[in-house]
There are 2 protein chains.
Amino acid sequence: MVKILAQTTADKVFQKLRHTIVEGEIPAGSKLNEVELATRFMVSRAVIREAISRLEALRLIERTPNVGARVVPLSLPRLAELYEIRETLEGMAARLAALYMDAHEIQSLKKLLSQHALQIGNGAKYYQEDGDVDFHYRILQGSKNKLLIDLLMDGIYHITRMYRVQLGMAGPRVTTAFNEHLRIVEAIESHDTELAEILMRRHIAFTRKEIENKLKETK
Amino acid sequence: MVKILAQTTADKVFQKLRHTIVEGEIPAGSKLNEVELATRFMVSRAVIREAISRLEALRLIERTPNVGARVVPLSLPRLAELYEIRETLEGMAARLAALYMDAHEIQSLKKLLSQHALQIGNGAKYYQEDGDVDFHYRILQGSKNKLLIDLLMDGIYHITRMYRVQLGMAGPRVTTAFNEHLRIVEAIESHDTELAEILMRRHIAFTRKEIENKLKETK
DNA sequence: AATCGCTGTATTGTCGACAATTTAGTGTAC
DNA sequence: GTACACTAAATTGTCGACAATACAGCGATT
């Protein structure tokens, strides 16, 4: 029997609020008003505070005692720090994946890539968003390190997505990224840990540059 | 004018509670009772819940909806995952420190080490605890990456200390660790990023083995 | 005009009470 | 004896109200 995880109201509000923030409905840098949010989601302030507390854990918002919470601002230094970490952690994930992914997982990953290849052939823009997420997700799982998975999935990914969304980035770099993915999978398949790590780091570094440039020209 | 950060009651209770957990007064794996804690600290359940929420962010405790919070258990797989991450992040910190620490910081760091050398000469056990913390703290600061500093200081360090304390580890490996520290500083001083990273990773890997062995023989 | 201090308002922090859920215990059917 | 319902107690989740703090406006002083 699979235990269905109970879902408290605070849980749902937390997810909704995270979505509103990441998708930019509440823009980066803006202040959060507890009563306003409580009204908006039709819950008490207690659950709003609970949700805010969790968002703080994700580093999506920051709080100052007696003053309040605000959505983390978009800034170049922060982006740099974030991607410095992400590069390291995802590089680590790729290295571990090259070590621990079993034949079945690798096969499934290759299948995913060939689907992406097809979509690109049809000129779909679908790839960039979900496809990329899927790809990184698989490799992360392959690392078998729950803490690492958590750190990236529950923390860093949401913030990086916030940057992408609010900078209006969708679509570009599709084919290039695909080739990078391909190489990474090859490295993993041959259990070349060092190469997998290096290629992944480079892959992340590319998207970092991409976002940094966009952020520079926006400001 | 330096703004003194306001300190809410939840802040203080959070710190106290963290202390009681890390120092083992509330042992790893045990359940937390909100009303009991509220009575103990003489505050309302609201601030206890707030404190628990923050401890969850630090990954010192885990919560299950409608069931409650319990202190993270000590286990070999968790320890392995934790140190896998720590090795990577501290290696990264050392690499960045070799890149960014200025002459003054390096000088100060060397001074710290020579103080440690003196203490060891006098046969002090003082070194292992605070000295080691100081050392890693300095290098972390040298990385200039606030997010990285946060991840380690506010998250990982507390958990690793919990392991050490509750496994009754104090004192050993003093002189060895000192020599490792010495080599790392040398690498940083000569701005040898790769060497600094490798030596730091190895240093962390040693202490990992140490704790793992202790944990194995304890269980 | 700028700064200081006062006052009222808005916002966050804390509390106690109630609701919802889980847990423990007891009895019953098989 | 085991599994299953059922009830009572304990525990967590949510709420509204009050307390403490920060903020905005305004007048007085220089």
Side-chain angles (χ1 to χ4, degrees), chain A residues 1-21 25-73, chain B residues 1-21 25-73:
Chain A
M1 165 207 177
V2 178
K3 177 77 169 268
I4 303 294
L5 221 6
Q7 182 112 337
T8 170
T9 346
D11 273 313
K12 298 176 208 153
V13 171
F14 159 65
Q15 290 175 7
K16 279 191 209 164
L17 188 52
R18 186 183 62 196
H19 187 266
T20 15
I21 289 174
E25 194 174 331
I26 299 177
S30 57
K31 189 163 183 309
L32 299 180
N33 184 309
E34 293 182 2
V35 299
E36 181 190 322
L37 290 174
T39 314
R40 175 171 182 169
F41 291 106
M42 294 186 298
V43 292
S44 80
R45 268 182 61 220
V47 338
I48 293 293
R49 285 174 68 83
E50 167 87 24
I52 286 180
S53 199
R54 296 199 208 171
L55 289 171
E56 190 184 13
L58 302 193
R59 294 162 207 283
L60 267 176
I61 72 153
E62 291 174 346
R63 281 205 300 182
T64 323
N66 293 317
V67 173
R70 63 175 53 247
V71 180
V72 167
Chain B
M1 165 206 177
V2 179
K3 177 77 170 270
I4 302 293
L5 236 328
Q7 183 112 339
T8 169
T9 19
D11 273 313
K12 298 176 208 156
V13 171
F14 159 66
Q15 291 176 6
K16 279 191 209 166
L17 189 52
R18 185 183 62 194
H19 187 266
T20 54
I21 289 174
E25 194 174 332
I26 298 177
S30 56
K31 187 160 183 312
L32 298 181
N33 184 307
E34 293 181 2
V35 298
E36 182 191 320
L37 290 174
T39 313
R40 176 171 180 170
F41 290 106
M42 296 186 296
V43 292
S44 79
R45 269 182 60 222
V47 339
I48 293 294
R49 286 176 67 84
E50 166 87 25
I52 286 180
S53 200
R54 297 201 207 169
L55 289 172
E56 190 183 14
L58 302 193
R59 293 162 208 282
L60 267 176
I61 74 154
E62 290 174 347
R63 281 205 300 181
T64 321
N66 293 316
V67 173
R70 64 174 55 248
V71 180
V72 167

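Convention: sequence-line order gives letters A, B, ...; per-chain numbering from 1. All values below were derived from every heavy atom in this structure, side-chain atoms included, with hydrogens, water molecules and symmetry-related copies excluded.
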Residues in contact with DNA chain C, drawn from residues 29-39 of chain A - heavy-atom cutoff 4.0 Å: A:K31, A:L32, A:N33, A:E34
Heavy-atom closest contact (B:A51 atom, B:A10 atom, distance):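 Distance-wise, the nearest heavy atoms are CB-O, 4.4 Å.
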A:K16 side, atom NZ; A:L37 side, atom CG - distance, nearest 0.5 Å: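 If I round to the nearest 0.5 Å, the distance is 12.0 Å.
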Going by the rule side-chain contact (heavy atoms from CB on, under 4.5 Å), which residues pair with [X] if we only count those two or more places apart in sequence or in a different chain?
X     : answer
A:N33 : A:V35, A:E36
A:V72 : A:E62, A:R78
B:T39 : none
B:A38 : B:R45, B:I48

Any donor-acceptor pair under 3.5 Å from A:R63 side chain to A:A69 backbone: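 Absent.
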Test item: A:T20 side-chain N/O and A:L17 main-chain N/O as donor-acceptor pair under 3.5 Å: yes
B:T8 side-chain N/O to C:dT12 phosphate OP1/OP2 under 4.0 Å: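 Looking at the OP1 and OP2 atoms of C:dT12, neither is under 4.0 Å from any side-chain N or O of B:T8.
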Distance, rounded to the nearest Å, where B:R70 contributes CZ and C:dT22 contributes C1':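 The answer, rounded to whole Å, is 14 Å.
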Whole-Å gap separating C1' (D:dT11) and CZ (B:R49):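 Taking CZ of B:R49 and C1' of D:dT11, I get 10 Å after rounding.
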Minimum-distance nucleotide to A:R63 side chain [options: D:dG13, C:dG13, D:dT14]: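 So the nucleotide nearest the side chain must be C:dG13.
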Listing time: all N or O pairs from protein to nucleotides 15-18 of chain C that are below 3.5 Å?
unit_1, atom_1, unit_2, atom_2, d
C:dC15, OP2, B:S44, N, 2.7
C:dC15, OP2, B:S44, OG, 2.9

